[in-house]
Novice: 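Quick one: structure below, then a few questions.
Residue numbers start from 1 in every chain, and the chains themselves are labelled A, B, ... in the order their sequence lines are given, proteins ahead of strands.
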Number of protein chains: 2
Amino acid sequence: MKLTTKGRYGLRAVIDLAVNYENEAVALSQIAERQGISVNYLEQLIAKLKKSGIVDSVRGAQGGYVLAMPPEEISVGDILRALEGDLNPVDCYELNSNEPPCSNADTCVTKYVWKRISDSINAVVNEIKLSDLVAESRRVQAEAGSTQVNQPKQTC
Amino acid sequence: MKLTTKGRYGLRAVIDLAVNYENEAVALSQIAERQGISVNYLEQLIAKLKKSGIVDSVRGAQGGYVLAMPPEEISVGDILRALEGDLNPVDCYELNSNEPPCSNADTCVTKYVWKRISDSINAVVNEIKLSDLVAESRRVQAEAGSTQVNQPKQTC
DNA sequence: GTTAATACCGAGTAAATTAATAGGGATTAA
DNA sequence: TTAATCCCTATTAATTTACTCGGTATTAAC
């Protein structure tokens with residue numbers, strides 16, 4: 001019941017992009033350095049974000065990535081689903097009709113549990129907008145002030 | 001962001017135990033057969049449930065397992081945490097102080113996201129009691145009636 | 001028009017985790 | 001005494017994760 005590094009790194013990358021965006025595209029190498037993630041791996045994550053329409057790319061020298069929408073229109077749910085796939089606790093036809101129907105559907109009672117978990121997760125992440133995290137980031141950065149050291153390695 | 005078979009099989013096993021409990025211990029072999037899970041694997045799951053005080057065992061011939069408490073006192077959260085470990089979306093000191101503190105904690109903004117997801121998952125599963133699922137199981141079994149076939153293999 | 005900086009793409013791989021299987025020991029009702 | 005059961009640990013196959021690697025395409029700057 002854990003997110004993978006795709007979701008964790010990818011969300012940090014999008015926040016980084018939003019915070020450091022100033023009319024110009026941000027190169028992946030910059031995000032990678034600030035966040036302590038390899039460029040190659042980050043490429044794979046940002047490809048998913050682009051495919052989902054969350055970021056746009058600018059090719060060529062001085063290129064990079066920009067948000068495809070204002071941060072208040074992007075939810076954490078959009079970002080995490082782009083990176084992780086659906087946020088359901090199980091692969092179940094009742095939650096996602098792409099899954100094969102379950103032979104046991106008639107008498108299955110656990111599906112109600114999975115549905116409620118899925119609904120609650122998605123409700124929470126849909127409610128949190130990227131703009132909320134950007135604002136929070138600016139706040140904590142200001143508080144941390146000049147005493148901060150650069151320690152990009154982190155556990156969460 | 002998926003539960004493992006431990007959580008899925010284990011929850012089904014506990015529901016089976018509760019539904020089929022009638023003053024006598026239920027042998028693992030019976031649960032295994034009804035649920036289409038191997039006895040050996042089920043042993044590992046039930047060991048976790050016993051360790052967490054959710055079931056008690058009766059050793060020897062005619063032995064088996066019984067719920068350690070009435071079904072209304074056991075939540076799905078208790079069961080899933082016994083089987084899966086914590087239900088947090090990431091390993092983060094802010095959610096579980098057994099984790100190592102994060103070098104980045106001062107300026108981390110994603111931790112608020114993880115906290116809200118964790119809280120919502122745990123709230124939902126703590127609210128659903130085993131007795132609710134037993135009642136639901138009896139209802140759907142009655143509806144399915146005699147037309148049901150035995151198809152223990154299932155995807156969720 | 002060359003160069004350097006960038007995005008884009010797919011294949012491969014090592015490590016970790018999951019999902020079992022296997023086999024023997026301990027306990028107890030019949 | 002036996003058979004049914006729980007109990008415990010080790011091993012293994014399959015899958016997934018978390019990358020790395022090496023190349024191609026595009027474009028701004030010079």
Side-chain angles (χ1 to χ4, degrees), chain A residues 1-13 17 23-33 35-52 54-68 83-85 89-91 153-156, chain B residues 1-13 17 20 23-33 35-52 54-68 80 83-86 89-91 152-156:
Chain A
M1 203 57 180
K2 294 279 187 278
L3 292 171
T4 66
T5 55
K6 290 196 187 78
R8 295 193 283 120
Y9 293 179
L11 177 57
R12 273 164 51 202
L17 188 58
N23 305 319
E24 282 176 3
V26 179
L28 221 49
S29 55
Q30 293 174 34
I31 299 177
E33 192 180 17
Q35 298 297 326
I37 305 169
S38 97
V39 175
N40 279 316
Y41 192 43
L42 202 48
E43 274 183 351
Q44 296 176 23
L45 311 186
I46 205 108
K48 288 171 182 278
L49 293 165
K50 191 186 172 190
K51 204 170 162 192
S52 298
I54 292 169
V55 302
D56 279 337
S57 64
V58 179
R59 300 193 69 172
Q62 297 0 293
Y65 291 91
V66 288
L67 295 179
L83 293 158
E84 296 274 345
V90 297
D91 290 328
K153 220 56 180 173
Q154 52 198 280
T155 57
C156 72
Chain B
M1 203 57 181
K2 293 281 187 278
L3 292 171
T4 67
T5 55
K6 290 197 187 79
R8 295 193 282 121
Y9 294 179
L11 177 57
R12 273 163 51 200
L17 187 58
N20 293 286
N23 304 319
E24 281 175 5
V26 179
L28 221 47
S29 55
Q30 294 174 35
I31 299 177
E33 193 181 15
Q35 300 297 327
I37 305 168
S38 96
V39 175
N40 278 317
Y41 192 42
L42 202 47
E43 274 182 349
Q44 295 176 27
L45 311 185
I46 205 108
K48 287 171 182 278
L49 294 164
K50 192 185 172 190
K51 204 170 162 190
S52 299
I54 291 169
V55 302
D56 279 337
S57 64
V58 180
R59 300 193 69 173
Q62 298 358 294
Y65 291 91
V66 289
L67 296 178
L80 292 181
L83 293 159
E84 296 273 344
D86 69 54
V90 297
D91 291 328
K153 220 56 181 175
Q154 52 198 279
T155 57
C156 70

Novice: Using whole Å, what does the distance between atom C1' of nucleotide C:dA19 and atom CG of B:Leu3 come to?
Specialist: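 Interatomic distance, CG of B:Leu3 to C1' of C:dA19: 15 Å.
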Novice: How far apart are the closest heavy atoms of A:Gly7 and A:Glu84, and which atoms are they?
Specialist: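 Closest pair (atom of A:Gly7, atom of A:Glu84, distance): N-OE2, 2.9 Å.
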Novice: Whether the side chain of B:Glu43 and the base of D:dC6 hold a donor-acceptor pair under 3.5 Å is what I'd like checked.
Specialist: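 Answer no: no donor N or O sits under 3.5 Å from an acceptor.
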Novice: Would you say a side-chain N or O of A:Lys50 is under 4.0 Å from OP1 or OP2 of C:dC8?
Specialist: yes
Novice: Checking side chain to side chain contact (heavy atoms under 4.5 Å, CB included) between B:Tyr9 and each of B:Thr4, B:Ile37, B:Ile31, B:Leu3, which is the one that passes?
Specialist: B:Ile37
Novice: What pair of heavy atoms forms the shortest contact from B:Leu49 to B:Gly10, and how long is it?
Specialist: CD1-O, 4.3 Å
Novice: Applying salt bridge (Lys or Arg N to Asp or Glu O under 4.0 Å) to B:Asp91 and A:Lys2, what does each step give before you reach the verdict?
Specialist: CA-CA 8 Å; B:Asp91 291 328; A:Lys2 294 279 187 278; 3.5 Å; yes
Novice: Between C:dC8 and A:Ser57, is there an OP1 or OP2 to side-chain N/O distance shorter than 4.0 Å?
Specialist: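 True: A:Ser57 side-chain N/O within range (under 4.0 Å) of C:dC8 OP1/OP2.
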Novice: Assuming nearest nucleotide by heavy-atom distance, tell me which of B:Thr4 and A:Asn40 is located more 5' along DNA chain C.
Specialist: A:Asn40
Novice: Considering every strand and a 4.0 Å limit on heavy-atom distances, what is the contact class for A:Leu28: base, sugar-phosphate, or nothing?
Specialist: sugar-phosphate
Novice: Please report the shortest heavy-atom distance between A:Leu28 and A:Val39, naming the atom on each side.
Specialist: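 It is CD2-O, 4.4 Å.
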Novice: Using atom CG of B:Asp91 as one end and atom P of C:dT17 as the other, report the distance to the nearest whole Å.
Specialist: 10 Å
Novice: Check the phosphate of C:dA19 against B:Thr5, side-chain N and O only, distance under 4.0 Å to OP1 or OP2. Yes or no?
Specialist: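 Yes, B:Thr5 has a side-chain N/O under 4.0 Å of OP1/OP2 on C:dA19.
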Novice: C:dA7 C1' sits how many Å from A:Ile31 CD1, rounded?
Specialist: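 Distance, rounded to whole Å: 12 Å.
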Novice: Counting just side-chain N and O atoms, does B:Tyr9 come under 4.0 Å of either OP1 or OP2 of C:dA19?
Specialist: no
Novice: If you only use heavy atoms from C-beta on, which nucleotide in D:dA4, D:dA18, C:dA11 is closest to the side chain of B:Ala61?
Specialist: D:dA4
Novice: Starting from C1' on D:dA10, measure out to OH on B:Tyr41 and report it in whole angstrom.
Specialist: 16 Å
Novice: Nearest whole angstrom, please: distance from the P of D:dC7 to the CG of B:Leu42.
Specialist: 12 Å
Novice: Tell me: CD1 of A:Ile37 to C1' of D:dT20, nearest whole Å?
Specialist: 15 Å
Novice: In terms of the nearest nucleotide of DNA chain C, which residue is placed more toward the 5' end: A:Tyr65 or B:Gln62?
Specialist: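 The residue closer to the strand's 5' end, by nearest nucleotide, is A:Tyr65.
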Novice: From CG of A:Leu45 over to P of D:dT17, roughly how many Å is that when rounded to an integer?
Specialist: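 Rounded to whole Å, this separation is 13 Å.
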Novice: Separation of B:Ile46 atom CD1 from D:dC7 atom C1', in whole Å?
Specialist: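 Roughly 12 Å, once rounded to whole Å.
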Novice: The side chain of B:Arg59 is closest to which nucleotide in this list: C:dA11, C:dT28, C:dT21?
Specialist: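 Looking only at side-chain atoms, B:Arg59 lies closest to C:dT28.
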